[in-house]
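Report on the following structure.
The figures that follow rest on heavy atoms only: side chains count, while hydrogens, waters and symmetry mates do not. Protein chains get the first letters and strands the later ones, always in sequence-line order, with residue 1 at the start of each.
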Amino acid sequence: MKLLSEDFFLQDAVDVARQLLGCVISYDGCSGVIVETEAYKNDAASHAFRRTARSEIMFLTSGCWYIYFVYGMYHCMNITTNGIGQPGAVLIRALQPLEGIDIMKKRRKTDDVYNLLSGPGKVCDAFGVDKKLNGTTVHGVMRVFEGKLQHDIIALPRVGIRVATELPWRFCVKDNKFVSRL
DNA sequence: TTAATGATGGGCT
DNA sequence: GCCCATCATTAAA
């Protein structure tokens, strides 16, 4: 498989989010096909709406992992986009499991493959990822490979936000059973 | 089946 | 002190 180039992530977050569907994330023996993403940039729902210590990585990098801790017990993984100085990131919301299914079942405490990677918190839990990888590049220990998508893509409002809910910046593989919800 | 709620702690005003 | 880019469990219908 071919690694996605650094230039790929210089594109706008919305374009990257769409094109990431079908690509493969691989980390420490676990991998999966991306089936659901969300784009965040300068909008009111984005952490980058205000420049803070946490969101600064989105202003300073492109093609790096932005991993944050949320709701007291979960992590979410994103990839920074839009180039240097232009904040943006794509949240990885769900994948279809490929490798490491046994260890992911153990970490997730379930045998249901449809419950392994169907949500941003679940993805980090199953992969064993936390803030230690924040700021590392997509050419580092956790990588993203090109994929061919043979299904349609649907655009929907983003999940779990209170503002900017009208923007259809959530992208899912149509009719895929591994997305976090319909 | 869907809807409401509790868990749990870092980030930010 | 309030707000979360969530999820598992419980309650209701």
Review point. Hey, is the side chain of A:R108 poking within less than 4.0 Å of OP1 or OP2 on C:dC7, counting only N and O atoms?
Key: no
Practice item. Is it possible for you to say whether A:I34 and A:V141 belong to one hydrophobic cluster, with membership spreading through side-chain heavy-atom contacts below 4.5 Å? Key: yes
Check your understanding: Counting just side-chain N and O atoms, does A:T52 come under 4.0 Å of either OP1 or OP2 of B:dG11?
Key -> no
Check your understanding: Rounded to whole angstrom units, what separation is found between the NE2 atom of A:H75 and the C1' atom of B:dG9?
Key -> 11 Å
Exercise for review: Determine, step by step, whether A:D125 and A:R108 satisfy the salt bridge (charged side-chain N to carboxylate O under 4.0 Å, His left out) criterion, reporting the C-alpha distance in whole Å, the side-chain angles of both residues, the deciding distance to 0.1 Å, and the verdict.
Suggested key: CA-CA 7 Å; A:D125 184 30; A:R108 293 278 306 121; 3.1 Å; yes
**Study point:** ILVMFWY cluster, A:I101 and A:F145 together (side-chain gap under 4.5 Å)
**Key:** no
Exercise for review: Scan A:D125 against the nucleic acid and name what it touches under 4.0 Å (heavy atoms): base, sugar-phosphate only, or nothing.
Suggested key: nothing
Listed pairs, N/O of protein and of nucleotides 1-4 of chain C, under 3.5 Å:
none

Check your understanding: Atom CD of A:E36 to atom P of C:dT6: distance rounded to whole Å?
Key -> 10 Å
Practice item. Name the closest nucleotide to the A:Y66 side chain, picking from C:dA5, B:dG11, B:dC12. Key: C:dA5
Exercise for review: Tell me what A:I161 touches on the nucleic acid: a base, only sugar-phosphate, or nothing, going by heavy atoms under 4.0 Å.
Suggested key: sugar-phosphate
Exercise for review: Please report, rounded to the nearest Å, how far the P atom of B:dT13 is from the CZ atom of A:R50.
Suggested key: 6 Å
Check your understanding: Sub-3.5 Å donor-acceptor pair from the side chain of A:R158 to the main-chain atoms of A:A39, do we have one?
Key -> yes
Exercise for review: Would you mind classifying the nucleic acid contact of A:K109 as base, sugar-phosphate or nothing, using non-hydrogen atoms under 4.0 angstrom?
Suggested key: nothing
Study note, to complete from the structure: Assert: residue with more 5' nearest nucleotide on DNA chain B, out of A:M73 and A:K131, is A:M73
**Study point:** Lys/Arg N to Asp/Glu carboxylate O, A:D15 vs A:R18, below 4.0 Å
**Key:** yes
Exercise for review: Rounded off to whole Å, could you give me the CG-to-C1' distance for the A:D130 and B:dG10 pair?
Suggested key: 14 Å
Check your understanding: With sugar-phosphate meaning primed atoms plus P, OP1 and OP2, does A:R54 contact a base, only sugar-phosphate, or nothing at under 4.0 Å between heavy atoms?
Key -> sugar-phosphate
Check your understanding: Taking CZ from A:R181 and P from B:dA3, how many angstroms apart are they, rounded to a whole number?
Key -> 11 Å
Revision key, fill the gap. Among the nucleotides B:dC12, C:dT6, B:dG9, whichever has the atom closest to the side chain of A:A53 is B:dC12
**Study point:** Ring centers of A:Y114, A:F178 separated by less than 6.0 Å
**Key:** yes
**Study point:** Pairing partner of B:dG11 (Watson-Crick or G-U wobble, both distances under 3.5 Å)
**Key:** C:dC2
Point to revise | A:N78 CG - C:dT6 P separation (whole Å) | key: 11 Å
Point to revise | Base of B:dG10 and ring of A:F69 stacked, centres under 5.5 Å, planes under 30° | key: no
Exercise for review: Measure up the A:F127 and A:Y27 rings against each other and bin them: parallel (under 30°), tilted (30 to 60°), perpendicular (over 60°).
Suggested key: parallel
Exercise for review: Report the distance from atom OH of A:Y74 to atom C1' of B:dA7, rounded to the nearest whole Å.
Suggested key: 8 Å
Exercise for review: Decide yes or no on side chain to side chain contact (heavy atoms under 4.5 Å, CB included) for A:V90 and A:W169, but give the supporting numbers first.
Suggested key: CA-CA 10 Å; A:V90 174; A:W169 288 355; over 6 Å; no
